[in-house]
Number of protein chains: 2
Amino acid sequence: MSNLPDIAVFVQVVERGSFTAAADRLEISKAAVSKYVGRLEHRLGARLLNRTTRRLTLTEAGAALYDRAGVAIADIAAAEAEVMELTGTPRGRLRVTAPAYFGNAFLMPAVTGFLRSYPDVELELDLNNRIVDLVKERFDVAIRITSLTDSSLVARRLADVRLLTVASPEYLRKAGTPATPADLSDHVGLSYTLQHAPNEWHFVADGKRPVTVHVRGCLRCNSDDALKHAALAGIGITRFPELFIGGEIASGQLVRLLQDYEPPPASLCAVFPTRTNLPPKVRVFVDFLARHLKPA
Amino acid sequence: MSNLPDIAVFVQVVERGSFTAAADRLEISKAAVSKYVGRLEHRLGARLLNRTTRRLTLTEAGAALYDRAGVAIADIAAAEAEVMELTGTPRGRLRVTAPAYFGNAFLMPAVTGFLRSYPDVELELDLNNRIVDLVKERFDVAIRITSLTDSSLVARRLADVRLLTVASPEYLRKAGTPATPADLSDHVGLSYTLQHAPNEWHFVADGKRPVTVHVRGCLRCNSDDALKHAALAGIGITRFPELFIGGEIASGQLVRLLQDYEPPPASLCAVFPTRTNLPPKVRVFVDFLARHLKPA
DNA sequence: CGAGATTGTTCACAGACGTGAACAATCTAT
DNA sequence: ATAGATTGTTCACGTCTGTGAACAATCTCG
C-alpha cells in the first residue's frame, strides 16, 4: 500500500510545527516521528522539511504534499467519525474533565456503573478546577457549572445545583452577620471571574420577589479552589455549589448565611465541542450522567 | 494516529471486490487483510462488510465510509505521485515489459549500466511476447514494436527497427523464391494481428517508388513466437525485426528475401499509461534506452 | 448431487517496528 | 558569554504485527 502512516505523521508534524509536538499528539516517540518522516522523504526521493534544530520550514515539495494530503487526511478522519457517530457502538477513549469536587463527590462513584455498562469505553478523567480548552486538550466532554460563554461549544443541561451563601466565622466576627440580602452592600464579595456581572448577586425567597444587590468585590478569581481558600481565610462572603463546600460547612469552617434567601440555582452542564453528531461514547456518557443526576 | 492503514486496506478490499484480491494488490497476506478489516470494524464499532465466503456486500456504514475515504486515499496517492514527479529522484520499483527477443538481445546487457547509474531503482523486467494490459498489470513502461492503438496510452519513439522479409528454405523449395515484391501475390503471408492492414505489405527500395502488394494471408496471430515457429515450419513468408530472427538467418533456418526491397522501418516505442508527468524512474529509464539505442 | 476449488478466518512463530536513553546542534535565558 | 533547555537524530533492545499453513464454509463444475 502507498504507505499512509508516513503521510499521517508528516501532516501532523506540519500542523503542530515540530517533531516533538507531533509525537505528543500521536502518542508515539520522537524517534518514531523522525523515522516516519525520514522514510517518507526517502521514498519520495525529496526533502520535505528543512529542519534547523529549532525551526521547521516546509520545502516546496513538502508544501505541495501537505496542501493536498492534509485535507485528505482530515477527510478520512471526518469520514471515520461520521460512521462511528451514525452506526457505531460506544467504544474508545473518552476524555472527560470535571470540577474536582464534583468528580470526587459524585462522578467517581457513578463511573463504575458506567464502565460496567460499556466495557469497550476507556474513560480518562481529568479532575481539575481550572478552565480547560476543550479542543486544544482534546477533551470529549467537560462538566461545568457556569453557562457557557464560548459560542463554538454546545452544552446540555444536566441538573440544577444549589448555591449556598457562606463566609468564615472569623469574617463574620469582624464584619457582622447579614440578615437580609440588602445587608450585603456593606460586605465584601468573592466572585467567580466568568460570570456576566460578577458583583450583582441575585436572591430568591419563597413568596417574595427576587432581589438583586450590588456587593463590593475585592477578589475575583477564575479558580474555585482559590476562592474557597479566600473564603476560609476570612476575606469575604461568597456563594458556592453545595457539593463544593459541604465538608467545610459540616466542620464549621464555613457558615451558611441568608438561609431564607437562596441564590437562583445554577446549571450543571455537559459541554462539548460543536459537532453535527456526537460519538456514541459521548452520547451514552452524558445520558448516563443525566439519568443518575435526577435523584441528586 | 487515526489508524490509516486499516482504511487503506478496507478501500482496497472494496475496490478489488475480495480480501484475496486486495491482499495480492497490496502484497500482503490474506491473513493481514482480514486482521486489518477486523481491526477497523472493531475500532468503529460497526460492521463494514457482509462476507458470505463467496460474495462481499457493503454495509450501509461501509458504503458511507468508502464514499468519503475512497477519494481521500486516491487524493493522497495522487499527491504523493505529484511530489515524486516534480522534485523526486529516480527511486522505487520499475516494472517494465518488453518482447523477449528484445530483452535478451539488447535490454539485459544495457540494464546493468542503468542499475549502476540509479542504484535506488529496483527493476522488474517481464520479458514476454504477449500483449499486456499496462494498467491492469501495473507496468510502468512497455517496449513495443507496433504503433499504439489504445488511445489511453502515450508512446515515445525510441528507434527504428529494420524489418526483414524471410521464409524457410523448405517453403522456398516448394513455392519458389520471389524476386520482386510483385511476386508475393502468389505467396502466403504470415501477419501480425495488430496491424492496420495485415495483408498489405509495403516496400521501399533505393531510387524507386514505394510499392504495396496484397499477400494472401493464411495465418494471422498475435504472438511473435508463434509466427516465427510458423515461418520455420515453412508455412509462409513473413517480416520480422532483424533482432528477432538474426540467429535463424545466421544458422540458415530462415532465408532473407527481397534484399533490395526493404519494408519501411517500424518504430520501437516506449509506451506508458497516460500521466501528466512521468515518475523520474520512468523518465530516466526511457532516456537511458533512447540514448543507448541510437548506435544500434 | 458430490468432488474440487476458492473464499475468509484462526493460530504459533519469526521478523520488523517503536521505544528510551544518549547524542550533537541550536536557541534563550540570566 | 556561558549555562541551561530544547530541538531532531542515532542505536541496541524488547514488543507487536505480518506470515503461512491448516481450517470451515461456501460456490461451481461435471
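In this text the structure is predicted, and so the values were computed from the model without any measurement. Residue numbers begin at 1 in each chain, while the letters A, B, ... track the order of the sequences.
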Q.
If I take atom CG in residue B/Leu26 and atom C1' in nucleotide D/dT17, what distance separates them, rounded to the nearest angstrom?
A. 16 Å
Q. Between the axis at one end of the helix from C/dC1-D/dG30 to C/dT30-D/dA1 and the axis at the other (five pairs apiece), what's the angle to 10 degrees?
A. 40°
**Q.** Length of the line joining B/Leu48:CG and C/dG8:P, which is rounded to integer Å
**A.** 15 Å
Q | D/dT7 OP1/OP2 closer than 4.0 Å to side-chain N/O of A/Arg51 | A | no
Q.
Looking at A/Arg55, I'd like to know whether one of its side-chain N or O atoms comes within less than 4.0 Å of OP1 or OP2 on C/dC27.
A. no
Q. What's the shortest heavy-atom distance between B/Ala8 and B/Ile73, and which atoms?
A. CA-CD1, 4.0 Å
Q: Grab the CG-C1' distance between B/Leu49 and C/dT9 for me, whole Å please.
A: 14 Å
Q.
Tell me which pairs pass ring pair (Phe, Tyr, Trp, His ring centres under 6.0 Å) where either residue lies in residues 108-130 of chain B, with sequence neighbours left out.
A. B/Phe114-B/Tyr118, B/Phe114-B/Phe285, B/Phe114-B/Phe288
Q) Does A/Arg68 have any side chain to side chain donor-acceptor pair (under 3.5 Å) partners at least two apart in sequence or in another chain, and if so, which? A) B/Glu82
Q: Name all residues meeting the side chain to side chain contact (heavy atoms under 4.5 Å, CB included) criterion together with B/Thr89; count only those two or more places apart in sequence or in a different chain, and write none if there are none.
A: B/Arg91
Q) For B/Asn50 and D/dT26, what is the distance between atoms CG and C1' respectively, to the nearest whole Å? A) 15 Å
Q | Those residues that, when tested against A/Ser117, pass side chain to side chain contact (heavy atoms under 4.5 Å, CB included) (two or more places apart) | A | none
Q: For A/Glu15, check side chain to side chain donor-acceptor pair (under 3.5 Å) against everything at least two apart and list the hits.
A: A/Tyr66
Q) In whole angstroms, how far is the P atom of C/dG8 from the CG atom of B/Asp24? A) 11 Å
Q: Scan nucleotides 16-22 of chain C nucleotide by nucleotide, 5' to 3', and note B when protein non-hydrogen atoms come under 4.0 Å of the base, S if they reach only the sugar-phosphate, - if neither.
A: --BBB--
**Q.** Candidate pair B/Glu80 and A/Leu44, rule side chain to side chain contact (heavy atoms under 4.5 Å, CB included), full reasoning
**A.** CA-CA 7 Å; B/Glu80 252 189 57; A/Leu44 297 182; 3.9 Å; yes
Please list every donor-acceptor pair under 3.5 Å in which a side-chain atom of residues 94-102 of chain A meets a protein atom from a residue at least two apart or in another chain.
residue	atom	partner	partner atom	Å
A/Arg95	NE	A/Glu137	O	3.4
A/Arg95	NE	A/Arg138	O	2.9
A/Arg95	NH1	A/Glu124	OE2	2.6
A/Arg95	NH2	A/Glu137	O	2.7
A/Thr97	OG1	A/Asp126	O	3.2

**Q.** Contact under 4.0 Å: B/Thr20 side-chain N or O vs C/dT6 OP1/OP2
**A.** no
Q | Qualifying residues under side chain to side chain contact (heavy atoms under 4.5 Å, CB included), relative to A/Ile235, sequence neighbours excluded | A | A/Leu190, A/Cys218, A/Ala230, A/Ala233
Q: Could you check how far CG of B/Leu40 sits from P of C/dT9, rounded to whole Å?
A: 13 Å
**Q.** Gap between atoms CD and C1', on A/Glu41 and D/dT9 respectively (whole Å)
**A.** 13 Å
(Q) Between P on D/dT9 and NE2 on A/His42, what's the gap in Å once rounded to a whole number? (A) 15 Å
